[in-house]
Amino acid sequence: MILSILIGLPVLGAALAALFPQERAAKTISLLASATTFIFSLLLYTRFDAADAGFQFQQLFPLVPRFAINYSLGVDGLSLWLILLTTFLTPLVILGSFSMVDQNVRGYYACLLFLEASVIGTLAATDLFLFYLFWELMLIPAFFLIGVWGGPNRVKGTIKFVLFTMAGSLLMLVALIYVTHEVKSFDYSKIFDYSFPPDVQFWCFLAFALAFLIKVPLFPFHAWLPDAYTEAPAGGTVMLSAVLVKLGAYGLLRFCIPLFPYAARAFSHWIMLLAVAGVVHGALMATLQTDFKRLTAYSSLSHMGLITLGIFTFSLPGLQGGVVQMIGHGVYMAGIFLLIGMLYQRRGSHEMDTYGGAAKAAPLLAAAMLWMVLSAAGLPGFAGFVGEILILTSAYKAWALPALVAIAGFMLSAWYLFNFYGKVFFGQARLNHEDTKPFDKAQGGAQGKTNPQKEGAPPKMPDLSWAEGLALLPLVLAALWIGLTPNFFMDPIEKSLDLKVIEKLKPQPVMMDFAAQQRRLQDEMESNRQPRQKNNH
Amino acid sequence: MIQHSWLIPGMPALAYAVIVLFTRRFKALSAGISILAMAACFFLSMGVFQELAKLDPSARTVSFSWTWLQIPPWEAHVGVLIDPLCANMLLVVTLVSLLVQIYSWGYMHDDERFSVYFSYLSLFSASMLLLVVANNYLQIFIGWELVGLCSYLLIGFWYFKPEAADACKKAFVVNRIGDMGFLMGVITIGMMFQTFDFAEVQKIVTQGLSDHTYSTTFIAGIALLLFCGAVGKSAQFPLHVWLPDAMEGPTPVSALIHAATMVAAGVYMVARTYTLFSADPLSMTVVAWVGGFTALFAATIAVAQDDIKRILAYSTLSQLGYMILSLGAGGYTAGMFHLTTHACFKALLFLGSGSVIHGLHNQDIWKMGGLWRKMKVTTLTFAVATLAIAGIPPFAGFFSKDAILDSVHNSAVPGHCVLYYMGVFTAFLTAFYMFRLFFVVFTGEPRDHHAHDHAHESPLNMTGPLVVLALLSLCVGWLNWPGVGLYSQFVHYGSVPEGAASIGVLLGQSWPTLLLVVAGIALSAAFYYWKVFSAEKMAEKFRPVYLLLKNKYYFDEMYGWLVKKVLFGLASIFHWFDEKIVDDGMVDGTGWINQKMGGLLSLTQTGYIQNYAWVIFAAVAVIFFCVSF
């Protein structure tokens, strides 16, 4: 029941927020709805059994009995933290957006809540049909968030984002239909136990992987990312960078690797290479940017490459590092993009050159940003470090040379992040505002309210308001918490990762090779291994 | 005492948290908490040292740890390793930190972010001590990065100065380049040996080398990766460029972080992982030559600088080079001894220069002069430090520098003769530029009368630390008095190194160096005290050389060019790829293909009924054909 409540509450909140005519009521309702969802979701953690690798909190009733399509939900180690991350971030995004959005307010919050519901649904679905349904549903609120409340070039950003994602998902749909047709079930567990022949795996892996790799996004499928991130409103960017892209990595973990392990192993080297290329590409592109929102977008791309690299090492530390990095990345990217939204709201610009000396006027904002930047740069004790070191170590073990390149790429993040930080917060405060053109309301759309000061007057840079501070504080604490006690996050998921991903990757009798089968049987007898644990439900 | 040694990094960390969370508004309280925590650390370190000294020399290693991160098959620990090397470093760090914090109370008194400053100092001490007590590679890396962060924060403490903003970024990024190698080394160790623990790695490496599981070249490779980190942190050539710029920070910070403690972390790390370094002559040779070259290279630059703090910064580079050289040449004890003595007299020099800057509000030595009349304590203590760094007996620098030159002389490193003469010549240059600084600043007639009239001696909380450090600069060297060698017996790698048997022997073997040092002082006096020769005329005569030195061999310009051309060039290739291939090619290309295909298909939509009828007829025919056969 918990999972249905987690999906239902935000939908209810969205409906109420859209129905109430007062904007204030919409804000309160959406905050309450998302906060309640978060509190409910804590039950997932407290009642989660780390020793059980199967789905927990299961719920099932037939949706379309004729085709054996069920409404079936469940949570295991792969999805646990991502659901909690989503429910944790949404109220903060809503709180942080209070002062940022002032057009179509009710619609904005309804969209955010609807997005939350669909993300949780995607993560909790254990029926492939249901999964696909939620996966596509996510696009609708995301489409509106970028398209309605976005920046000047929002239309271009929206089109790119939607078309790219759609292209990937359609291929996935084809493969999904084939797979479910073959197994004659939409049930994930049944498909999980089924072994596909290698050639089928090959094509199905490619089709599934394309959808997820576009979502991640992996180099060179990232063309949608810089535009979508830059043009989306701050809240939308947070949801995109912190939550939505993680679903790509989740999809890889949930579907691509365990369902098609043979193909996954065959392609792993290529994907690792692309991941490293993404790390370096994102980092180098970030060094060139003058727009700091775009800079952060590229740095997010670079760090997502690292996560993909960790997943495709196919080792437990790599996978755990990948998941911890997903949580950490979610937290610090959320922080950075929220803070960027707050900066934009104060000055109406994303250009680094129009800022300077902001630390003097807004010390708390500067401190919060420093905290997040340090996390992103992978400083020990902060969220980014543990994931980084686990991923790099296991990547190094799996394939040394690309890992070394990835280390170099990752180290570049100190360069561009501190360059950005120094230019915005350090140095002389810019008193004349000549470089910043007054923001054109007609062109700027929903964000046009900003830049309240008159031209020529010294720009005001107020420090964090209470609401903003309250939205950032949990992120600040979480960034430290992840860095200090990573085992808290890694222990509950270990079993699931081991049995659902690693175990699947071990050579199976999928190869129609008699000798190999013989060898495997012999191995099994010799090592007196326990038979592979089936999922228990 | 030793079992409580985890408190040593713990207490300043607590002080940091308390100041940030609760006492930010109360200046004196914040400073008091910070200083109190540091004093407690110092006494705890004394206790640890005493307890360690009582133990049998072979049993002087105590280690314990907690598990921090557990991912089968490996674990990461946070632990404490107390041995003579660590105890030595603990005393240096806590003592200098304590004195600098007391001094800062006077120096930073008018700053409105006084509490923030003290919180940063506490954070720095905590991270530095975490690094010092580390018992594994991962922890030393963590401390390493955290001190880098504190350095960033403190260099950029006056962030509203554009120079400070640039300098802190530069320091962080340049350090990060070195850390990249360090991280690769740490990861390689973790992967190859399945542990990060110093003692276990040492065991595995010793075992592996004796039964030839690992080649010495492989171990040397790891050592050199780690050494990249030391090159960054200890500002050795070619990553030395950040340290002189780091002088934009408050002067007590320069004394603490950029002279006595943090920059010595690189030296400490090399000493800590000496097993890896000493496995192969290759790594030792690289270390020795990098150190020796930096020592000479930085000393030549220091001769032509005008900023009091920058002269000291280049002198720090040069002295760190000595330490690295010593470790590379096998002089483990000598290197660590020089680290200890250097911490005292260099901290004193920086604090003295801070006192001068505090009095004059100026850093250009050509605007100073005749300050001894106004600042007696500062002048006297500065003189002690200058004598110590120049290496005049019986001051501290004489003993440690001589030990280094001795170990280089006796080492087996290729080209050790050249290194020895480089070291001796560096000693000559050191004496010259340090006395140049001293004569110009403190003697003669005031050059800027307005500033001079306002100059005043610093308050007691600033001069107090100066006096303590001056006493130490005089006496610390005696710890290794020839024939007694208390220090050598305490800190050593392998067997106890043999020093000179008595002071007479020591003076007997070091007289050529001493002679050169005295010549350096005399030359300096001839130029800047008696003014027999004119420095301006010399500079004019050898103008190209002078410009080369004054512009620091144009290294900043060269790196600027590298970043601009190479890094941004590479980035713009990727940018082109993004723009042309990914965006134009893939995105717009897909759109174009769809459009064209749509165009082709649209040809079938002619709008003539006859055409459609023909198609329907043809289709029916085909279906009929298929079905019937």
Side-chain angles (χ1 to χ4, degrees), chain A residues 160 163-164 167 219-224 226 280-281 283-288 316-317 320-321 357 359-360 363 366 370 374 377-381 385-386 389-390 392-393 396-397 400 403-404 407-408 410-412 414-415 418-419 421-423 425-429 484-487 490-491 494, chain B residues 20 67-74 76 113 116 127 138-139 141-146 148-149 152-153 156 159-162 164-166 168-170 172-173 175-177 179-181 183-184 186-188 190-191 563 567-568 570-575 577-578 581-583 585-587 590-591:
Chain A
K160 264 189 175 179
L163 283 188
F164 255 75
F219 178 86
F221 309 112
H222 63 275
W224 64 268
V280 175
H281 178 81
L284 283 174
M285 287 299 285
T287 57
L288 281 183
L316 192 57
Q320 286 190 318
K360 192 151 192 124
L370 181 64
L374 291 174
L379 212 83
F385 177 68
V386 180
I389 196 124
L390 285 176
L392 292 177
T393 321
Y396 187 86
K397 198 173 184 184
L404 292 180
I407 293 177
F410 188 77
M411 283 297 185
L412 260 183
W415 172 283
F418 279 92
N419 197 24
Y421 189 79
K423 276 195 176 155
F425 290 97
F426 288 174
Q428 290 271 310
L484 290 182
T485 60
N487 262 102
M490 286 191 288
D491 289 343
E494 190 187 323
Chain B
V20 166
T67 304
W68 171 53
L69 191 67
Q70 205 168 16
I71 308 106
W74 53 269
R113 288 162 71 232
V116 177
S127 329
L138 202 59
Q139 188 182 347
F141 180 73
I142 291 172
W144 193 266
E145 291 288 293
L146 289 179
L149 163 67
Y152 172 81
L153 292 172
Y159 55 79
F160 38 82
K161 291 198 301 185
D166 287 345
C168 65
K169 187 186 90 192
K170 188 173 176 182
F172 197 85
V173 171
N175 262 301
R176 213 48 205 217
I177 295 171
D179 293 353
M180 197 165 79
L183 182 64
M184 287 180 196
V186 171
I187 286 179
T188 314
M191 279 327 2
V563 166
L567 184 70
F568 287 176
L570 199 65
S572 54
I573 293 173
F574 274 80
H575 183 70
F577 184 83
D578 221 37
I581 310 287
V582 175
D583 231 28
M586 276 170 63
V587 181
T590 315

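- Between the CZ atom in A/F426 and the CG atom in A/L370 there is a gap of 7.0 Å [rounded to 0.5 Å].
- Rounding to the nearest 0.5 Å gives a distance of 5.5 Å between CG of B/D179 and CZ of B/F141.
- B/Y152 and A/Y421 have tilted rings, their planes meeting at an angle from 30° to 60° on a 0 to 90° scale.
- With a 4.5 angstrom heavy-atom cutoff, B/F160 touches chain A via backbone and side-chain atoms both.
- Aromatic ring pairs are classed by plane angle as parallel below 30°, tilted from 30° to 60° and perpendicular above 60°; the pair A/F219 and A/H222 is parallel.
- Across all their heavy atoms, A/G427 and B/A165 have their closest contact at N-CB, 3.8 Å.
- Considering CE of B/M191 and NZ of A/K397, their distance stands at 4.5 Å, rounded to 0.5 Å.
- Proximity to chain A is limited to the side chain of B/V563, based on heavy atoms less than 4.5 angstrom apart.
- Per-residue counts of heavy-atom pairs under 4.5 Å with chain B were compared for A/L379, A/V280, A/L374; the largest is that of A/L379.
- Distance CH2/A/W415 to NZ/B/K169: 6.0 Å, rounded to 0.5 Å.
- Heavy-atom distances place no part of A/A283 under 4.5 Å from chain B, backbone and side chain included.
- Rounding to the nearest 0.5 angstrom, the gap separating the CG atom in B/L570 from the NE2 atom in A/H281 is 11.5 Å.
- Only the side chain of B/L153 comes within less than 4.5 Å of a heavy atom in chain A; its backbone stays farther off.
- For the set B/K161, B/R113, B/R176, the count of heavy-atom pairs under 4.5 angstrom toward chain A peaks at B/R176.
- Using a 4.5 Å cut-off between heavy atoms, B/T188 contacts chain A through both its backbone and its side chain.
- Contact record, B/A571 with A/L284: CB-O, 3.5 Å, taken as the closest heavy-atom pair.
- Of the listed residues A/L392, A/L412, A/N419, the one with more heavy-atom pairs under 4.5 angstrom with chain B than any other is A/N419.
- If you tally non-hydrogen atom pairs under 4.5 Å between each of A/A359, A/G422, A/P220 and chain B, the highest count goes to A/A359.
- For chain A, the nearby parts of B/W68 are the backbone and the side chain; heavy atoms of each come within less than 4.5 Å.
- Of the atoms belonging to A/K160, it is side-chain heavy atoms, and not backbone ones, that fall under 4.5 Å from chain B.
- The greatest number of non-hydrogen atom pairs below 4.5 Å with chain A, out of B/V173, B/L138, B/D166, B/T67, is found for B/V173.
- Between the CD1 atom in A/I407 and the CE atom in B/M180 there is a gap of 8.5 Å [rounded to 0.5 Å].
- Note: B/D578 leads B/V186, B/L149, B/V116, B/D578 in heavy-atom pairs under 4.5 Å with chain A.
- Of the atoms belonging to B/I177, not a single heavy atom falls under 4.5 Å from chain A.
- Only the side chain of B/L183 comes within contact range of chain A, with at least one heavy atom under 4.5 Å from a heavy atom of that chain.
- In this structure, the portions of A/L404 lying under 4.5 Å from any heavy atom of chain B include both its backbone and its side chain.
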